[in-house]
Participant: 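One structure, pasted below without further comment.
Letters A, B, ... are given to chains in the order of the sequence lines, protein chains preceding strands, and every chain is numbered from 1. What's counted below: heavy atoms across the whole structure, side chains too, no hydrogens, waters or symmetry copies.
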2 protein chains.
Amino acid sequence: MSPEEIQKNLRRYINISLEEAEQFLSLFETVRYKNRKVVVESGDYCRYFFLVEEGCLMTYYTDGNGFEHVLQFATHMWWSGDLPSLMNNVPSAYSIKAIGDTSLLQISKPNLDRLYRELPKFERYYRIIFQNALVAHQRRIIQNIAYTAEERYLQFREAYPQVELLVPQKYIASYLGITPEFLSKIRRRLSNRK
Amino acid sequence: MSPEEIQKNLRRYINISLEEAEQFLSLFETVRYKNRKVVVESGDYCRYFFLVEEGCLMTYYTDGNGFEHVLQFATHMWWSGDLPSLMNNVPSAYSIKAIGDTSLLQISKPNLDRLYRELPKFERYYRIIFQNALVAHQRRIIQNIAYTAEERYLQFREAYPQVELLVPQKYIASYLGITPEFLSKIRRRLSNRK
DNA sequence: ATTTTTTCTTAATCTAGTTCAATGTATATA
DNA sequence: TATATACATTGAACTAGATTAAGAAAAAAT
């Protein structure tokens with residue numbers, strides 16, 4: 001990603017110069033993953049915080065019976081990574097894999113610490129990023145406990161139309177907290193109704 | 001709350017002097033609510049960010065059929081408030097009420113802006129607060145989609161034993177995404193098993 | 001191009017959790 | 001001390017969504 005592009009994106013939240021955008025970028029490295037490649041395996045240490053450039057990262061939890069439950073889809077300019085693992089150097093509770101061929105910018109914990117130290121305005125940047133993520137998570141919790149699967153599916157489509165095109169349906173079902181079979185049923189129901 | 005106590009609490013995340021703690025406190029006012037009093041009504045503007053001193057604040061969403069769904073319980077030294085309403089001056093999606101007689105420190109949006117401006121280390125403080133809250137919300141989403149109601153109830157008890165003592169069971173049921181009747185059934189099942 | 005693997009659909013059966021309605025029990029307030 | 005009000009329990013009937021198993025379709029890989 002070019003410094004100009006980064007600057008433009010970050011300016012949604014903080015006012016930074018082109019030089020600062022370059023300094024920011026210099027702390028990252030670009031990595032690429034093929035479709036379905038695992039980026040972080042649960043139980044391993046998550047050593048980077050990721051910014052998705054292209055493609056999609058899916059974060060998921062694997063339960064005691066081996067079932068996968070999707071926590072997050074991250075597309076262009078979304079952040080991803082296991083925060084407790086990254087921050088406290090503990091094994092990651094989640095796995096992360098690429099959906100479609102994916103290009104990432106990754107920053108290590110030492111470089112993130114350096115970023116906060118050398119460019120304190122990034123405390124503000126991430127304060128806003130986390131605050132917005134928190135608000136989105138609050139909304140999702142309420143949707144999960146207050147609405148039916150069909151309503152959640154419609155709200156999801158509305159909110160993340162790009163994601164629906166990129167991601168296999170079984171993962172969308174998992175994100176919604178239902179089985180792929182039941183999502184299939186919902187979709188039929190909806191198409192019959194129209 | 002005394003400046004010393006505040007200093008001690010904030011020092012979990014940032015290094016602040018007693019003077020800074022006093023400056024911080026000066027931006028807040030203390031308010032008290034009786035048990036069951038509504039602090040913020042959904043549809044109204046949430047004009048403050050709240051720090052619970054004593055008692056408990058419950059944030060909840062009221063759906064189209066008038067059912068209440070609990071988003072958060074906040075006890076001593078937890079933050080609460082409707083962030084989108086506070087930040088973007090839009091009507092609040094949630095209501096907030098006191099559970100038990102409750103004492104709060106509240107800061108207005110203008111004072112919060114001033115705090116960030118005059119004491120930039122509070123960007124860091126809230127970055128960490130929101131980051132931790134985000135992690136907790138991620139965990140809750142996974143628990144909701146990956147575990148049964150009984151498992152969620154046991155995990156809740158484990159994680160928030162103080163809350164279980166303070167809060168009526170029907171609200172805990174709501175937090176867990178189940179009906180009070182079913183929580184009652186779960187509790188009977190558990191006590192029979194022991 | 002063909003084969004293998006992954007993803008999606010359909011249908012029958014089953015179950016965790018809901019709904020409804022009644023009864024019981026604390027806890028406030030007069 | 002009585003009386004209202006909020007809260008908790010129980011059980012019977014019901015339903016949204018899970019499970020299992022099979023086949024169809026699409027996408028990768030050879």
Side-chain angles (χ1 to χ4, degrees), chain A residues 33-38 55-56 58 60 63-70 73 97-102 143-154 156-157 163-193, chain B residues 33-38 55-56 58 60 63-70 73 97-101 143-157 163-193:
Chain A
Y33 289 90
K34 286 276 180 193
N35 188 21
R36 270 177 252 139
K37 282 289 168 231
V38 172
C56 179
M58 174 177 100
Y60 58 101
D63 70 24
N65 303 313
F67 287 96
E68 299 179 351
H69 303 274
V70 174
F73 300 112
K97 74 168 144 189
I99 305 282
D101 296 354
T102 297
Q143 284 176 349
N144 269 320
I145 67 184
Y147 295 101
T148 64
E150 181 173 321
E151 289 166 325
R152 276 178 274 149
Y153 174 56
L154 291 172
F156 176 83
R157 284 174 101 174
V163 175
E164 212 195 351
L165 300 173
L166 246 99
V167 169
Q169 273 174 41
K170 61 172 186 169
Y171 293 134
I172 293 176
S174 170
Y175 180 96
L176 296 172
I178 59 177
T179 57
E181 292 87 346
F182 191 57
L183 178 54
S184 207
K185 220 173 276 187
I186 289 172
R187 286 165 52 81
R188 181 164 39 125
R189 206 154 67 196
L190 289 172
S191 68
N192 285 345
R193 212 176 292 163
Chain B
Y33 290 91
K34 286 275 182 198
N35 187 20
R36 270 176 250 137
K37 282 289 168 232
V38 172
C56 180
M58 175 177 98
Y60 58 101
D63 70 25
N65 304 313
F67 287 97
E68 298 179 352
H69 303 273
V70 175
F73 300 113
K97 75 169 140 187
I99 305 282
D101 295 355
Q143 285 176 349
N144 269 320
I145 65 182
Y147 294 102
T148 63
E150 181 174 321
E151 289 167 324
R152 274 177 276 150
Y153 174 56
L154 292 172
Q155 289 165 351
F156 177 83
R157 285 173 100 174
V163 175
E164 211 195 352
L165 301 172
L166 247 98
V167 170
Q169 274 174 40
K170 61 173 185 168
Y171 294 134
I172 293 176
S174 169
Y175 180 96
L176 296 172
I178 59 179
T179 57
E181 290 90 343
F182 192 56
L183 179 54
S184 206
K185 234 168 264 189
I186 289 173
R187 286 164 52 81
R188 181 167 37 128
R189 204 155 67 195
L190 288 172
S191 70
N192 285 344
R193 211 176 293 164

Participant: For B/I172 and D/dC7, what is the distance between atoms CD1 and P respectively, to the nearest whole Å?
Facilitator: 12 Å
Participant: Just how far, in rounded Å, is P of D/dT15 from CZ of A/R189?
Facilitator: 14 Å
Participant: How many Å lie between OH on A/Y147 and P on C/dT18, as a whole number?
Facilitator: 17 Å
Participant: Could you pull out the closest heavy-atom pair between B/S174 and A/I145, with the gap in Å?
Facilitator: O-CD1, 3.6 Å
Participant: Examine D/dG17: is either OP1 or OP2 under 4.0 Å from a nitrogen or oxygen in the side chain of A/T179? Give yes or no.
Facilitator: no
Participant: Between D/dT9 atom P and B/N192 atom CG, what is the distance in whole Å?
Facilitator: 12 Å
Participant: Could you tell me the separation between the CD1 atom of B/I178 and the P atom of D/dG17, rounded to a whole number of Å?
Facilitator: 16 Å
Participant: Tell me, please, which residues at least two apart from B/R188 pass side-chain hydrogen bond (donor to acceptor under 3.5 Å, both in side chains).
Facilitator: none
Participant: Which angle, to the nearest 10 degrees, lies between the helix axes at the two ends of the helix from C/dA1-D/dT30 to C/dA30-D/dT1, each defined by five pairs?
Facilitator: 60°
Participant: On DNA chain C, check which nucleotide each of B/I186 and B/N35 is closest to and give me the residue with the more 5' one.
Facilitator: B/I186
Participant: Dump every N/O contact between nucleotides 3-11 of chain C and the protein below 3.5 Å, one line per pair.
Facilitator:
unit_1, atom_1, unit_2, atom_2, d
C/dT7, OP2, A/K170, NZ, 2.4
C/dC8, OP1, A/Q169, N, 2.8
C/dC8, OP2, A/Q169, N, 3.2
C/dC8, OP2, A/K170, N, 3.0
C/dT9, OP2, A/Q169, OE1, 3.0
C/dT9, OP2, A/S184, OG, 2.9
C/dT9, O5', A/S184, OG, 3.1
C/dT10, OP2, A/R188, NE, 3.2

Participant: Quick one: does A/V70's side chain get under 4.5 Å of A/V167's, heavy atoms only?
Facilitator: no
Participant: Quick one: B/M58 CE to D/dC7 P, roughly how many Å, whole number?
Facilitator: 9 Å
Participant: How would you list, by chain and number, every residue that makes a ring-ring contact (aromatic ring centres under 6.0 Å, His included) with B/Y175, sequence neighbours excluded?
Facilitator: B/F73, B/F156
Participant: Under the side-chain hydrogen bond (donor to acceptor under 3.5 Å, both in side chains) test, which residues partner A/D63, sequence neighbours left out?
Facilitator: A/H69
Participant: Please state how far atom CG in A/L176 lies from atom C1' in D/dA18, giving the value in whole angstrom units.
Facilitator: 15 Å
Participant: Between B/R152 and C/dG17, is there a contact of a side-chain N or O with OP1 or OP2 at under 4.0 Å?
Facilitator: yes
Participant: Rounded to the nearest Å, what distance is computed from the CD atom of residue B/E68 to the P atom of nucleotide D/dA6?
Facilitator: 12 Å
Participant: Under the side-chain hydrogen bond (donor to acceptor under 3.5 Å, both in side chains) rule, collect the residues that match up with B/E164, sequence neighbours excluded.
Facilitator: B/Y153, B/R157
Participant: Which residues satisfy the ring-ring contact (aromatic ring centres under 6.0 Å, His included) test with B/Y171, sequence neighbours excluded?
Facilitator: none
Participant: Taking side-chain hydrogen bond (donor to acceptor under 3.5 Å, both in side chains) as the test, write out the residues that go with A/S184, two or more places apart.
Facilitator: none
Participant: Going by salt bridge (Lys or Arg N to Asp or Glu O under 4.0 Å), name the pairs with one or both residues in residues 165-185 of chain B, residues two or more places apart or in two chains.
Facilitator: none
